[in-house]
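All values below come from the heavy atoms of this structure, side chains included, with hydrogens, waters and symmetry mates left out. Note that this is a predicted model, so its numbers are computed, not measured. Letters A, B, ... are given to chains in the order of the sequence lines, protein chains preceding strands, and every chain is numbered from 1.
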Number of protein chains: 2
Amino acid sequence: MPVDRVIAAAVELVDEVGPGEFSMRLLAQRLRSSTATLYRHFAGKDEIFVHVVEHVLGEVPRHLPELPDEPTWQDLLGATADALFRTLKEHPNVAALFGDQVPLGPRALAGREAAIGILLAGGFTAEVAAKAYTAVGHYVVGFATQLRAGGTSDEKEENHDLREFYRTLDPARYPATVASAAFLPISLDDEFRFGLQLIVDGLARQLPHAGDRAPRG
Amino acid sequence: MPVDRVIAAAVELVDEVGPGEFSMRLLAQRLRSSTATLYRHFAGKDEIFVHVVEHVLGEVPRHLPELPDEPTWQDLLGATADALFRTLKEHPNVAALFGDQVPLGPRALAGREAAIGILLAGGFTAEVAAKAYTAVGHYVVGFATQLRAGGTSDEKEENHDLREFYRTLDPARYPATVASAAFLPISLDDEFRFGLQLIVDGLARQLPHAGDRAPRG
DNA sequence: ACCTGAACACCGTTCAAGT
DNA sequence: ACCTGAACACCGTTCAAGT
């Protein structure tokens with residue numbers, strides 16, 4: 001029973017049924033094995049979830065978008081956050097696992113290193129880089145966590161229901177909510193990029209207004 | 001068995017043991033009742049969790065900080081986000097419940113209404129107000145979700161362990177991580193306010209540069 | 001060495017039976 | 001009407017016993 005096979009099956013199972021319905025018995029069944037065998041390779045369910053998160057983080061680099069020839073740190077940071085968001089969009093049930101663990105596997109560390117490296121190269125101090133990383137990271141995870149809030153139904157229908165709900169509220173009592181509901185549903189990607197842009201632009205204004213673009217050579 | 005008593009006890013229980021260890025049996029025990037009685041008042045565990053979230057959101061107004069005499073929309077939006085964050089800091093285990101539900105109770109709606117109202121009064125279009133609300137909301141919830149990631153141990157020790165971990169990494173392999181780890185632990189409140197400031201400042205730059213402050217009278 | 005059926009102490013939820 | 005003990009079909013985890 002190779003551990004990689006267990007982890008791959010665990011990712012599939014979390015994707016399909018979510019962390020709540022995930023069980024060691026289901027996983028063992030899917031592997032045509034027994035729960036006791038799983039405990040020979042992993043300390044328990046939580047340890048398997050740690051590996052699930054780490055495995056999914058390994059997919060982030062594949063989601064990096066095209067970049068301009070001489071990307072600014074804004075391009076690079078935005079692309080990194082975007083890639084993480086795209087990855088979690090493909091595994092919305094995995095996003096919920098971030099509430100129970102701080103990912104510290106090699107892939108997680110590589111991501112942290114890359115992001116902070118981008119900020120340091122962009123001219124930020126180590127202190128601001130650390131804070132900026134946390135702000136961006138929590139923003140992405142916060143968004144991704146909400147991807148599956150409210151059930152497994154598909155996004156369009158979900159958004160439609162929510163909009164209808166907000167629209168049918170009493171406009172005397174909830175005037176701002178009703179007015180803004182007219183513009184729902186904005187696509188999740190648009191909403192995500194809007195907030196990300198705010199953060200990245202805000203960071204840019206923290207610099208002494210050089211170093212936005214690394215000098216050539 | 002008044003429902004309010006059940007909800008109050010449920011909030012206490014989630015606070016103490018977290019959503020994972022929460023059980024209908026424990027709750028019934030604490031109320032000196034039986035699980036079957038709980039099911040006479042609530043459809044099930046998930047419905048109780050919905051009421052727990054709603055109850056906790058009711059505490060947000062109590063956490064609103066002092067405001068200047070003529071607050072700008074930035075003051076108001078920042079104060080609202082801050083109050084939500086403080087509330088969730090007092091109930092870190094409740095923050096995890098946001099991953100499974102979109103809060104739609106009266107208290108949740110009142111909060112949404114207040115926040116979007118602040119943005120509309122600040123001069124934003126309904127569309128931007130909706131997006132801005134989502135960005136701020138997801139940022140706060142994302143931050144709050146991480147409050148309890150990694151266990152129930154207290155914040156200082158938790159941060160200390162993390163910093164030690166990052167510091168003892170191989171600096172050749174993780175130079176940026178190690179360099180920035182010297183500045184950990186930054187207090188969670190500082191980190192939170194840093195990112196929130198970025199978002200609020202970013203929003204301000206979306207305005208046609210009037211209306212930052214509502215004109216008197 | 002590696003695997004497993006069966007067990008233990010739990011769950012969420014339901015229901016017949018009590019007052 | 002309102003409550004409850006006991007049951008059902010599940011969990012995560014462990015362990016004696018098999019090959």
Asks: Is the shortest side-chain N to carboxylate O distance from A/Arg86 to A/Asp189 below 4.0 Å?
Replies: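 Looking at A/Asp189 together with A/Arg86, the answer is no, because their closest N to O distance does not fall below 4.0 Å.
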Asks: Answer yes or no: is there a side-chain heavy-atom contact under 4.5 Å between B/Leu77 and B/Ile199?
Replies: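 Contact flag for B/Leu77/B/Ile199 side chains = no.
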Asks: When the distance from CG of A/Leu26 to P of D/dA9 is rounded to whole Å, what number comes out?
Replies: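 Distance check: A/Leu26 CG to D/dA9 P gives 17 Å.
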Asks: For residues B/His91 and B/Glu59, is any side-chain donor paired with an opposing acceptor at under 3.5 Å?
Replies: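 Yes, B/Glu59 and B/His91 have a side-chain donor paired with an acceptor closer than 3.5 Å.
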Asks: With A/His51, which residues qualify under ring pair (Phe, Tyr, Trp, His ring centres under 6.0 Å), at least two apart?
Replies: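 A/His51: ring pair (Phe, Tyr, Trp, His ring centres under 6.0 Å) contacts with A/Phe42.
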Asks: Whole Å only: how far is the CG atom of B/Leu31 from the P atom of D/dC3?
Replies: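 Taking atom P of D/dC3 as the reference, CG of B/Leu31 is at 11 Å.
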Asks: For A/Phe194, enumerate each residue passing the ring pair (Phe, Tyr, Trp, His ring centres under 6.0 Å) test, keeping only those at least two apart in sequence or located in another chain.
Replies: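 For A/Phe194 there are no ring pair (Phe, Tyr, Trp, His ring centres under 6.0 Å) partners, ignoring immediate neighbours.
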Asks: Roughly how many Å is it from CG in A/Leu38 to P in C/dT4, rounded to a whole number?
Replies: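 Roughly 9 Å, once rounded to whole Å.
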Asks: Using whole Å, report how far CD of B/Glu47 lies from P of C/dG12.
Replies: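 My rounded result for the distance is 15 Å.
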Asks: On the six-membered ring of A/Tyr166, is B/Arg112 placed so that its NZ or CZ lies under 6.0 angstrom from the centre and within 45° of the ring axis?
Replies: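 The answer is yes; both the distance and angle limits are met.
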Asks: In whole Å, I'd like the distance from the CZ atom of B/Phe49 to the P atom of C/dC11.
Replies: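 After rounding, the gap between these two atoms is 13 Å.
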Asks: Does C/dC3 have OP1 or OP2 sitting under 4.0 Å from an N or O in the side chain of A/His41?
Replies: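 For C/dC3, OP1/OP2 do have a side-chain N/O of A/His41 under 4.0 Å.
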Asks: How many Å lie between CD on A/Glu21 and P on C/dC11, as a whole number?
Replies: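 That distance rounds to 17 Å.
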Asks: Tell me every residue that passes salt bridge (Lys or Arg N to Asp or Glu O under 4.0 Å) with B/Glu47, counting only those two or more places apart in sequence or in another chain.
Replies: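 Salt bridge (Lys or Arg N to Asp or Glu O under 4.0 Å) list for B/Glu47, sorted by chain: empty.
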Asks: Send over the distance from A/Arg40 CZ to C/dA1 C1', rounded to a whole Å.
Replies: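 Those two atoms, CZ and C1', are 7 Å apart.
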Asks: Using both pair distances under 3.5 Å as the test, note the stems of at least 3 consecutive Watson-Crick or G-U pairs that include DNA chain C.
Replies: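 The stems are C:4-8 with D:12-16, C:12-16 with D:4-8.
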Asks: Do nucleotides 13-19 of chain D as a string where each nucleotide becomes B, S or -: B if the base has a protein heavy atom under 4.0 Å, S if just the sugar-phosphate does, - if no protein is that close.
Replies: BBB----
Asks: Examine B/Tyr139 together with A/Tyr139 and report whether their ring centres are nearer than 6.0 Å.
Replies: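 Judged by ring-centre distance (under 6.0 Å), B/Tyr139 and A/Tyr139 do not meet the cut-off.
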Asks: Can you tell me if the side-chain N/O atoms of B/Ser23 get under 4.0 Å from OP1 or OP2 in C/dC11?
Replies: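 For B/Ser23, the contact criterion (side-chain N or O under 4.0 Å from OP1 or OP2 of C/dC11) is met.
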Asks: Looking across every strand, which nucleic acid part, if any, lies under 4.0 Å from B/Phe22 by heavy atom: base, sugar-phosphate, or nothing?
Replies: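 If one applies the 4.0 Å heavy-atom cut-off, B/Phe22 turns out to touch the sugar-phosphate alone, with no base involved.
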Asks: With sequence neighbours left out, write down each residue that passes salt bridge (Lys or Arg N to Asp or Glu O under 4.0 Å) with A/Arg107, or none if nothing qualifies.
Replies: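 Per chain and number, A/Arg107 pairs via salt bridge (Lys or Arg N to Asp or Glu O under 4.0 Å) with A/Glu54.
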Asks: Just how far, in rounded Å, is C1' of C/dC11 from CD1 of B/Ile48?
Replies: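 These atoms are roughly 14 Å apart.
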